[in-house]
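Below: the structure, in C-alpha coordinates.
Excluded from the calculations below are hydrogen atoms, water molecules and symmetry mates; all remaining heavy atoms, backbone and side chain alike, are included. Not measured: the values here are computed from a predicted model.
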Amino acid sequence: SASLLLCPVLTGCGDKKEDTSESAGAEALTPQDSDTMHLNMLFTLIGTPDVGVTELLGDGIDQKYRADGSLKMRTFDGTACGVDITFDVCYDELGDVSSVDVDFPSSVSEEQLSATVTELTGRKPSKDGKWQAETAIISLAKADGYMCMTLEPFSAEPDSDDPVQY
(Lines give C-alpha, C1' and ligand atoms only; values in the text may rest on other atoms or scores of the structure.)
Protein backbone atom coordinates (compact mmCIF):
# COMPACT_ATOMS: atom_id res chain seq x y z
CA SER A 1 0.00 0.00 0.00
CA ALA A 2 1.20 3.52 -0.71
CA SER A 3 0.96 4.51 2.93
CA LEU A 4 3.35 1.76 3.94
CA LEU A 5 5.83 2.85 1.29
CA LEU A 6 5.68 6.52 2.24
CA CYS A 7 6.11 5.92 5.95
CA PRO A 8 9.94 5.79 6.02
CA VAL A 9 10.22 8.80 3.74
CA LEU A 10 7.80 11.01 5.65
CA THR A 11 8.41 10.05 9.22
CA GLY A 12 11.50 7.94 9.68
CA CYS A 13 9.59 4.88 10.89
CA GLY A 14 11.62 2.62 13.07
CA ASP A 15 13.80 5.40 14.48
CA LYS A 16 14.17 5.01 18.21
CA LYS A 17 12.97 7.97 20.23
CA GLU A 18 13.49 8.64 23.89
CA ASP A 19 10.55 7.70 26.06
CA THR A 20 8.54 10.87 26.54
CA SER A 21 5.49 9.09 27.89
CA GLU A 22 4.30 10.10 31.34
CA SER A 23 1.54 7.50 31.43
CA ALA A 24 2.40 5.09 34.20
CA GLY A 25 2.23 1.56 32.88
CA ALA A 26 0.52 2.46 29.61
CA GLU A 27 2.32 1.02 26.64
CA ALA A 28 2.16 2.77 23.31
CA LEU A 29 0.54 0.90 20.46
CA THR A 30 3.18 -0.31 18.01
CA PRO A 31 2.98 -0.62 14.24
CA GLN A 32 2.42 -4.17 12.96
CA ASP A 33 3.37 -5.79 9.66
CA SER A 34 -0.34 -6.35 8.95
CA ASP A 35 -1.21 -2.61 9.30
CA THR A 36 -2.86 -0.94 6.33
CA MET A 37 -2.29 2.56 7.74
CA HIS A 38 0.45 4.17 9.80
CA LEU A 39 -1.00 6.81 12.13
CA ASN A 40 1.83 9.27 11.47
CA MET A 41 0.86 9.18 7.79
CA LEU A 42 -2.45 10.81 8.74
CA PHE A 43 -0.58 13.83 10.12
CA THR A 44 0.63 14.64 6.60
CA LEU A 45 -2.91 14.83 5.21
CA ILE A 46 -3.78 18.16 6.87
CA GLY A 47 -4.13 20.79 4.16
CA THR A 48 -3.80 18.23 1.35
CA PRO A 49 -6.20 18.59 -1.59
CA ASP A 50 -8.69 15.74 -2.04
CA VAL A 51 -6.90 14.59 -5.20
CA GLY A 52 -3.84 13.81 -3.05
CA VAL A 53 -5.91 11.91 -0.51
CA THR A 54 -7.68 9.79 -3.13
CA GLU A 55 -4.38 9.12 -4.89
CA LEU A 56 -2.99 7.67 -1.65
CA LEU A 57 -6.09 6.13 -0.08
CA GLY A 58 -8.77 5.78 -2.76
CA ASP A 59 -12.36 6.97 -2.45
CA GLY A 60 -13.00 5.45 0.98
CA ILE A 61 -15.99 3.41 2.11
CA ASP A 62 -18.35 6.41 2.23
CA GLN A 63 -18.52 10.06 1.15
CA LYS A 64 -20.66 12.94 2.35
CA TYR A 65 -21.34 16.08 0.31
CA ARG A 66 -22.55 19.60 1.08
CA ALA A 67 -25.79 20.97 -0.39
CA ASP A 68 -23.75 22.67 -3.15
CA GLY A 69 -22.29 19.29 -4.18
CA SER A 70 -18.80 19.88 -2.79
CA LEU A 71 -17.13 17.07 -0.86
CA LYS A 72 -17.50 17.34 2.90
CA MET A 73 -16.01 14.05 4.16
CA ARG A 74 -14.57 10.68 3.13
CA THR A 75 -14.67 7.72 5.52
CA PHE A 76 -11.98 5.04 5.44
CA ASP A 77 -11.32 1.91 7.43
CA GLY A 78 -8.11 0.06 8.03
CA THR A 79 -5.76 -1.40 10.59
CA ALA A 80 -3.24 0.66 12.57
CA CYS A 81 -1.01 -0.71 15.31
CA GLY A 82 -2.84 -4.02 15.03
CA VAL A 83 -6.30 -2.60 15.76
CA ASP A 84 -9.17 -1.91 13.39
CA ILE A 85 -9.78 1.81 12.94
CA THR A 86 -12.22 3.98 11.03
CA PHE A 87 -11.22 7.50 10.09
CA ASP A 88 -13.03 10.45 8.59
CA VAL A 89 -11.11 12.88 6.42
CA CYS A 90 -13.02 16.19 6.48
CA TYR A 91 -12.67 18.91 3.83
CA ASP A 92 -13.05 22.66 3.81
CA GLU A 93 -14.97 24.54 1.09
CA LEU A 94 -11.80 24.67 -1.06
CA GLY A 95 -11.50 20.86 -1.08
CA ASP A 96 -8.48 20.68 1.25
CA VAL A 97 -8.29 18.43 4.32
CA SER A 98 -9.47 20.43 7.33
CA SER A 99 -9.38 17.65 9.95
CA VAL A 100 -9.02 13.91 10.43
CA ASP A 101 -10.98 11.97 13.08
CA VAL A 102 -9.65 8.50 13.89
CA ASP A 103 -11.89 6.12 15.87
CA PHE A 104 -10.22 3.36 17.88
CA PRO A 105 -12.14 0.48 19.48
CA SER A 106 -12.89 0.60 23.20
CA SER A 107 -10.17 -2.01 23.73
CA VAL A 108 -7.68 0.86 23.26
CA SER A 109 -7.43 2.90 26.46
CA GLU A 110 -6.97 6.64 26.64
CA GLU A 111 -3.62 6.03 28.35
CA GLN A 112 -2.45 3.74 25.52
CA LEU A 113 -3.51 6.24 22.88
CA SER A 114 -1.88 9.09 24.81
CA ALA A 115 1.39 7.13 25.01
CA THR A 116 1.12 6.35 21.29
CA VAL A 117 0.61 9.99 20.27
CA THR A 118 3.45 11.08 22.57
CA GLU A 119 5.73 8.52 20.92
CA LEU A 120 4.63 9.40 17.37
CA THR A 121 5.10 13.13 17.85
CA GLY A 122 8.17 12.90 20.08
CA ARG A 123 6.45 15.48 22.29
CA LYS A 124 4.49 15.54 25.51
CA PRO A 125 0.99 17.02 25.46
CA SER A 126 0.68 20.71 26.30
CA LYS A 127 -1.19 21.92 29.37
CA ASP A 128 -4.48 21.78 27.43
CA GLY A 129 -3.90 18.05 26.81
CA LYS A 130 -3.16 18.44 23.09
CA TRP A 131 -0.05 17.55 21.15
CA GLN A 132 1.51 19.81 18.57
CA ALA A 133 2.90 17.84 15.64
CA GLU A 134 4.62 19.50 12.70
CA THR A 135 1.43 19.76 10.64
CA ALA A 136 -1.39 19.17 13.11
CA ILE A 137 -2.72 19.64 16.61
CA ILE A 138 -3.79 16.28 18.03
CA SER A 139 -6.43 15.80 20.71
CA LEU A 140 -8.05 12.72 22.26
CA ALA A 141 -11.61 12.22 23.45
CA LYS A 142 -13.63 9.34 24.83
CA ALA A 143 -16.81 8.67 22.91
CA ASP A 144 -19.58 6.10 23.22
CA GLY A 145 -17.78 2.80 22.80
CA TYR A 146 -14.58 4.13 21.26
CA MET A 147 -11.63 6.51 21.61
CA CYS A 148 -11.29 9.34 19.10
CA MET A 149 -8.06 11.00 17.99
CA THR A 150 -8.64 14.30 16.16
CA LEU A 151 -6.06 16.04 14.00
CA GLU A 152 -6.65 19.67 13.13
CA PRO A 153 -4.48 22.17 11.26
CA PHE A 154 -1.58 23.74 13.09
CA SER A 155 -1.14 27.42 12.45
CA ALA A 156 1.72 29.56 13.66
CA GLU A 157 -0.50 32.58 13.15
CA PRO A 158 -3.25 33.45 15.64
CA ASP A 159 -6.83 33.14 14.45
CA SER A 160 -8.33 36.45 13.36
CA ASP A 161 -11.15 35.93 15.89
CA ASP A 162 -8.72 35.68 18.80
CA PRO A 163 -8.11 38.87 20.76
CA VAL A 164 -4.61 40.21 20.38
CA GLN A 165 -2.64 39.79 23.57
CA TYR A 166 0.33 42.00 24.45
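Nearest approach of A133 to I138, heavy atoms of both residues: CB-CD1, 3.6 Å. Taking every heavy atom of both residues into account, D96 and P49 meet most closely at OD1-CA, 3.4 Å. The two residues A80 and I85 come nearest to each other via the heavy atoms CB-CD1, 3.7 Å. Listed here is the closest heavy atom pair of A28 and E119: CB-OE1, 3.6 Å. In terms of heavy atoms, I137 sits closest to P153 at CG1-O, 4.1 Å. Heavy atoms only, all atoms of each residue included: G78 and T36 are closest at CA-OG1, 3.2 Å.
Looking only at side-chain heavy atoms (C-beta outward), F76 and V53 come within less than 4.5 Å of each other. When side chains are defined from C-beta on, C81 does not count as touching T30, because their heavy atoms never get closer than 4.5 Å. Side-chain contact between M37 and V102: absent, with no pair of heavy atoms (C-beta onward) separated by less than 4.5 Å. Taking 4.5 Å as the limit, every side-chain heavy atom of D68 sits out of range of all side-chain heavy atoms of E93. Within the 4.5 Å cutoff, the side chain of L151 has no heavy atoms near those of the V97 side chain. Using a 4.5 Å heavy-atom threshold, the side chains of L56 and M41 count as touching. Annotation: side chain of R74 is not in contact with side chain of L57 (no heavy-atom distance under 4.5 Å).
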For side-chain hydrogen bond (donor to acceptor under 3.5 Å, both in side chains), just list the numbers for D88 and T75, CA-CA rounded to whole Å, side-chain angles, deciding distance to a tenth of an Å, and then say yes or no. CA-CA 4 Å; D88 295 327; T75 300; 2.7 Å; yes
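For CD of E134, the number of neighbouring non-hydrogen atoms (other residues, nucleotides, ligands) closer than 6.0 Å is 12 at most.
Between the side chain of T135 and the main chain of F43, a donor-acceptor pair closer than 3.5 Å is present.
At a threshold of 4.5 Å between side-chain heavy atoms, the hydrophobic network of Ile, Leu, Val, Met, Phe, Trp and Tyr places Y146 and L29 in two separate groups. Residues F87 and M73 do not share a hydrophobic cluster, defined by chaining ILVMFWY side chains whose heavy atoms lie under 4.5 Å apart. Linking ILVMFWY residues whenever their side-chain heavy atoms come closer than 4.5 Å, directly or via other members, places Y65 and V89 in the same cluster.
Qualifying side-chain hydrogen bond (donor to acceptor under 3.5 Å, both in side chains) partners for D62, counting only residues two or more places apart in sequence or in other chains: K64.
For the residue pair S114 and Q112, no side-chain donor N or O sits within less than 3.5 Å of a side-chain acceptor on the partner. At a cut-off of 3.5 Å, with distance as the only test, a side-chain donor of D101 or T150 sits close to an acceptor on the other residue.
The residue from L140, T118, V117 that alone fulfils the side chain to side chain contact (heavy atoms under 4.5 Å, CB included) condition with P125 is T118.
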